[in-house]
Amino acid sequence: MSTTSPTAPPAPAAAPKAALFHPTVARLTYRALLGRRRALILFALPAMLVVIAIIIRVLTGADDTTASGILGGFALGTMVPLIGVIAGTGAIGPEIDDGSVVYLLAKPVPRSTIIFTKLLVAIGVTAAFSAIPVLVAGFVLNGNSQQIAVAYAVAAAVASVAYSALFLLFGTITRHAVVFGLVYALVWEAFVGNLVPGARTLSVQQWALGVGQKIGAEGALSSDVHLPLAICLLVGVTATATWYAGRRLKALTLAGEE
């Protein structure tokens, strides 16, 4: 008499890995960031930079020192962090303020995916409204002499990553993220980070300049932070801010469920 062994139950299918980017979350974030009020501010700052560059070029002609002063002082020192504040805090802050984040958190989307998607959108918006105008203004000011335009554009793009992560974090930890962001951008980055020697090491602007310094001609850009340390600090701040923002969002979910 033959016996048949019972068939083993099929192994459960492995759960699909969660993607880090969610198109729907990205589309909603883009729509929120490029709304009428924020879009006006985002367009106004780069337009002001280009207009200033055109006026200076017409009045004084091409000059490398003037170009570095405008691109380093106004563009990288003030415009880029302000755009980072608008994009970084605007990527999630308003949703937390008006309570609509509850609907987003109710969806079966990992919190890490929400944060990473919003970070990518904030980086894209900040870089587009920062690096491209800086490049255009640099070519207007001195025709990219000594690679100044390209160097400052790369510095602006690099700074956009760290600013976006930092200000996105602000949006998850306080309802006054814009205020804190403006204080950081205008007081620390534009004032303390430029004037106080010891504080420059802790300035995103100086880290970005450390990267741009390697692209421009020798002496065209200067930074108090050497390239290896600048890269480590940029990566460290971006990763830490993104990680902690994800933890804050998870804590917000638990609080809402309780």
Side-chain angles (χ1 to χ4, degrees), residues 40-87 123-164 182 184-197 199-231 233-234:
L40 287 175
I41 301 175
L42 287 172
F43 278 104
L45 290 171
M48 186 184 304
L49 172 64
V50 175
V51 169
I52 291 173
I54 293 173
I55 294 174
I56 291 177
R57 178 61 185 267
V58 171
L59 295 178
T60 65
D63 182 75
D64 294 346
T65 302
T66 302
S68 293
I70 296 297
L71 298 180
F74 174 70
L76 195 61
T78 302
M79 186 192 78
V80 178
L82 284 178
I83 292 176
V85 170
I86 298 168
I123 290 173
V125 171
T126 306
F129 284 91
S130 298
I132 296 175
V134 167
L135 183 65
V136 173
F139 271 95
V140 170
L141 285 166
N142 74 339
N144 197 35
S145 173
Q146 299 191 72
Q147 292 291 309
I148 287 177
V150 173
Y152 274 107
V154 170
V158 169
S160 297
V161 178
Y163 283 137
S164 296
L182 289 174
Y184 176 87
L186 297 178
V187 176
W188 184 264
E189 290 289 340
F191 182 72
V192 178
N194 280 329
L195 300 180
V196 181
R200 293 177 184 174
T201 307
L202 301 178
S203 168
V204 174
Q205 178 187 354
Q206 292 297 321
W207 305 343
L209 282 172
V211 177
Q213 187 177 17
K214 295 300 180 180
I215 298 174
E218 186 172 355
L221 284 77
S222 62
S223 172
D224 288 6
V225 183
H226 296 296
L227 182 61
L229 179 59
I231 293 176
L233 290 171
L234 285 166

Got a second to check how far [X]'s [atom1] is from [Y]'s [atom2], nearest 0.5 Å?
X      : Y      : atom1 : atom2 : result
Trp188 : Gln205 : CH2   : CD    : 12.5 Å
Asp64  : Ser145 : CG    : OG    : 3.5 Å
Ile55  : Ile70  : CD1   : CD1   : 10.5 Å
Thr201 : Leu233 : OG1   : CG    : 8.5 Å
Met48  : Phe43  : CE    : CZ    : 14.5 Å

How close do [X] and [Y] get, counting heavy atoms only, and between which atoms?
X      : Y      : result
Ile215 : Gln147 : O-CB, 3.8 Å
Phe74  : Leu49  : CD2-CD1, 3.7 Å
Ala155 : Ala208 : O-CB, 3.3 Å
Gly216 : Ala151 : N-CB, 3.6 Å
Leu227 : Gly210 : CD1-O, 3.7 Å
Val225 : Ala230 : CG1-N, 3.6 Å

[Y] backbone acceptor or donor facing [X] side chain under 3.5 Å:
X      : Y      : answer
Gln206 : Asp224 : yes
Asn144 : Val150 : yes
Trp207 : Val158 : no

From the options Leu76, Asn142, Leu221, Leu141, select the one residue that forms a side chain to side chain contact (heavy atoms under 4.5 Å, CB included) with Leu71.
Leu141

Check whether any side-chain heavy atom of [X] sits under 4.5 Å from a side-chain heavy atom of [Y], and report yes or no.
X      : Y      : value
Phe129 : Leu45  : no
Val211 : Leu234 : yes
Tyr152 : Leu209 : yes
Ser160 : Ile83  : no

Worked verdict on Glu189 versus Ser203 for side chain to side chain donor-acceptor pair (under 3.5 Å)
CA-CA 6 Å; Glu189 290 289 340; Ser203 168; 2.8 Å; yes

Does Arg57 form a side-chain contact (heavy atoms from CB on, under 4.5 Å) with Phe139? I'd like the steps, not just the answer.
CA-CA 10 Å; Arg57 178 61 185 267; Phe139 271 95; over 6 Å; no

Scan for side-chain hydrogen bond (donor to acceptor under 3.5 Å, both in side chains) pairs involving residues 65-75, sequence neighbours excluded, and state none if there are none.
Asp63-Thr66

CA sep, side-chain torsions, deciding dist, call: Leu82, Leu182, side-chain contact (heavy atoms from CB on, under 4.5 Å):
CA-CA 7 Å; Leu82 284 178; Leu182 289 174; 3.6 Å; yes

